[in-house]
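Single-structure report; data block below.
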Amino acid sequence: MSAAVRIITTGAPVHWPLGPIGHCQLGQLRRWRNPPVYRPLVDLLTMEERHVIVTYRFDRATIQELCTQLEPDLMSPIRHPTGIPPDVQVLSVLHFLASGSFQTTVAMASGMSQHMFSNVLSRVLSALLKHVRRYIIFPEVADLHTVKGDFYALGHIPNIIGAIDGTHVPLVPPHRSEQVYRNRKRYNSMNVQMVCLADQYISQVNAMFPGSVHDAYILRNSSIPDMMGQLQRHRVWLLGDSGYPNLSWLLTPVRNPRTRAEERYNEAHGRTRRVIEHTFGLLKARFRCLHMTGGSLFYSPRKVCEIIIACSMLHNLALRRQVPFLQEDDPDDGVVAAVEHVEPVDSDEEEAEEEDNVNRESVIQQYFQ
């Protein structure tokens, strides 16, 4: 045993990179002997603003605000010379979510090892999810008038406060339950239920269910029925496709329209509900880790759920700060096209059983005759 080790184990204080240490255990010394090395490669201040937005999906000011908010949870409890600053942790995770690249690629671009980035990803996701109620908010009574007005401008259907649908996020499933994650398009995924507002703001997200689960089942087992039940005295509705049942608070299209009023209703319904499809397109274009072109997420279903919710929060932050969606100069991967198209993005269109047509019929009779 070297003299340095004898001094430490006998309790005499010595100066180490962490400061004076006494009664240090030999195991701790071995852990510090070859610490992971972080080589700073990211300097936000020297990057052009457009390049910052293309790489991280946010402008410099928004990134700094996000770093400040998450810093208390990202500061290492043990400070040593190889510690990764909170801003670099946030930037590396934003790059990962935006690019859909492998961990190794993002880690190298950030100046750290793959193992270090794996730990950073978990820490940043955990820090973000502590603020989920700050970024994903279902309309409250005080907001209903404004929300209804915004939706009415889309398709002239009154009293709408949200459009609901499901989209699939690909993942590599657990080996023993692979068939549970196989969706009807024959790839493995999580089936994610979302509700959005007229400005593509995500007001509710449920990412807990595997790809084989039907949209209607997810709806029944989510918090949406309770939340809408609390607002029923205000006579408000969500809009959903034919994959959902027609409920007292959920309007779906008429499957076989027989009158001109029903046709007009379906046309208005389609114009209004299109916003959720555009929301899925923009979300997956902004955060390519959620899109098929980014490959399947190589994480546990729980971790994939955290990534989806974090991307939803960041999507809302980008809308709130009015950050423009910028892309590479020559994209040829079909991702951004999802923003322009009106077709559903990985939507589950299997028809659900009709349950309550009374409200829909009254809407048709009152507003579309």
Side-chain angles (χ1 to χ4, degrees), residues 136-167 191-199 201-206 208-209 213-277 279-280 344 347-369:
I136 301 178
I137 306 171
F138 200 75
E140 299 178 349
V141 174
D143 306 318
L144 294 183
H145 180 74
T146 300
V147 173
K148 290 190 293 184
D150 292 341
F151 269 107
Y152 187 80
L154 297 180
H156 291 178
I157 300 181
N159 300 331
I160 302 302
I161 63 167
I164 185 171
D165 204 351
T167 188
N191 190 358
V192 184
Q193 173 188 276
M194 289 188 182
V195 179
C196 77
L197 304 184
D199 59 358
Y201 183 94
I202 297 172
S203 60
Q204 196 272 348
V205 57
N206 188 325
M208 297 170 53
F209 291 88
V213 179
H214 193 275
D215 286 353
Y217 179 88
I218 298 175
L219 176 63
R220 288 195 301 269
N221 291 273
S222 70
S223 59
I224 293 296
D226 288 339
M227 291 190 292
M228 290 303 296
Q230 295 173 10
L231 297 175
Q232 268 305 87
R233 66 186 182 89
H234 299 280
R235 199 168 182 262
V236 293
W237 299 293
L238 298 180
L239 287 186
D241 63 19
S242 57
Y244 294 101
N246 200 59
L247 303 173
S248 61
W249 45 264
L250 176 61
L251 299 178
T252 61
V254 177
R255 293 179 187 170
N256 299 301
R258 295 184 177 88
T259 66
R260 182 55 187 151
E262 290 180 343
E263 291 175 354
R264 284 195 290 264
Y265 164 79
N266 275 2
E267 292 168 1
H269 188 286
R271 288 196 303 271
T272 308
R273 200 189 65 84
R274 193 176 299 165
V275 66
I276 186 67
E277 297 158 11
T279 300
F280 288 153
S347 180
D348 190 346
E349 288 284 358
E350 295 181 24
E351 292 186 350
E353 293 184 4
E354 298 280 1
E355 294 189 19
D356 186 346
N357 294 326
V358 175
N359 283 291
R360 186 176 66 188
E361 289 300 324
S362 66
V363 170
I364 295 173
Q365 294 296 325
Q366 185 174 355
Y367 297 100
F368 294 96
Q369 286 290 0

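- No side-chain heavy atom of Arg271 sits under 4.5 Å from any side-chain heavy atom of Leu154.
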Item to check | Test side chain to side chain contact (heavy atoms under 4.5 Å, CB included) applied to Phe138 and Met228, step by step | outcome: CA-CA 10 Å; Phe138 200 75; Met228 290 303 296; 3.8 Å; yes
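- Note: Leu231 CG to Asn159 CG = 12.0 Å, rounded to the nearest 0.5 Å.
- When side chains are defined from C-beta on, Leu250 counts as touching Leu219, because their heavy atoms get closer than 4.5 Å.
- Inter-residue side-chain proximity for Ile276 and Asp241 is flagged as unmet; no heavy-atom pair is nearer than 4.5 Å.
- Counting non-hydrogen atoms of other residues, nucleotides and ligands closer than 6.0 Å to CE of Met208 gives a total of 12 or fewer.
- Note: His234 NE2 to Leu144 CG = 6.0 Å, rounded to the nearest 0.5 Å.
- When atom types are taken as modelled, the side chain of Arg273 and the backbone of Leu239 share no donor-acceptor pair closer than 3.5 angstrom.
- In this structure the side chain of His214 never reaches within 4.5 angstrom of the side chain of Phe209, judged on heavy atoms.
- One distance of note links CD1 of Ile137 with CD1 of Ile202; it measures 13.0 Å at 0.5 Å rounding.
- Using a 4.5 Å heavy-atom threshold, the side chains of Tyr367 and Ile157 count as separate.
- Scanning all heavy atoms of the two residues, the minimum distance from Thr272 to Gly155 falls at OG1-CA, 3.3 Å.
- Across all their heavy atoms, Ser242 and Pro253 have their closest contact at N-CD, 4.0 Å.
- For the pair Val205/Val192, a side-chain contact is recorded, criterion being any heavy-atom separation below 4.5 Å from C-beta on.
- Val363 is listed as a side-chain neighbour of Trp237, based on a closest heavy-atom distance under 4.5 Å.
- The heavy-atom pair separating Gly166 from Asp215 by the smallest distance is N-OD2, 3.9 Å.
- By the 4.5 Å heavy-atom criterion applied to side chains, Leu247 and Leu238 are not counted as neighbours.
- Side chain of Glu262 to main chain of Arg258: a donor-acceptor pair is present (N/O by atom type, distance under 3.5 Å, no hydrogens or angles).
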Next on the checklist: Gln204 vs Ile164, test: side chain to side chain contact (heavy atoms under 4.5 Å, CB included). Steps then yes/no.
Outcome noted: CA-CA 9 Å; Gln204 196 272 348; Ile164 185 171; 5.8 Å; no
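- The minimum heavy-atom distance between Gln193 and Ser222, with the atom names listed, is NE2-OG, 3.4 Å.
- Distance check, rounded to the nearest 0.5 Å: CG of Asp199 to OG1 of Thr279 gives 8.5 Å.
- Note that OG1 of Thr259 and CD of Gln369 are 6.5 Å apart. Values are rounded to the nearest 0.5 Å.
- Nearest heavy-atom pair, Asn266 versus Pro257, reported as atom, atom and distance to 0.1 Å: ND2-CG, 3.8 Å.
- No more than 12 heavy atoms of other residues, nucleotides or ligands lie within 6.0 Å of CD in Glu140, so this atom counts as exposed by the packing criterion.
- Between Lys148 and Ile161, the closest heavy-atom pair is CG-CG2, 3.8 Å.
- For the atom pair Tyr244 OH and Asn246 CG, the distance stands at 13.5 Å (nearest 0.5 Å).
- Atom CZ of Arg260 sits in a crowded spot, with more than 12 heavy atoms from other residues, nucleotides or ligands closer than 6.0 Å.
- Using a 3.5 Å distance cut-off with no hydrogens or angles, the side chains of Ser248 and Asn359 do not pair a donor with an acceptor.
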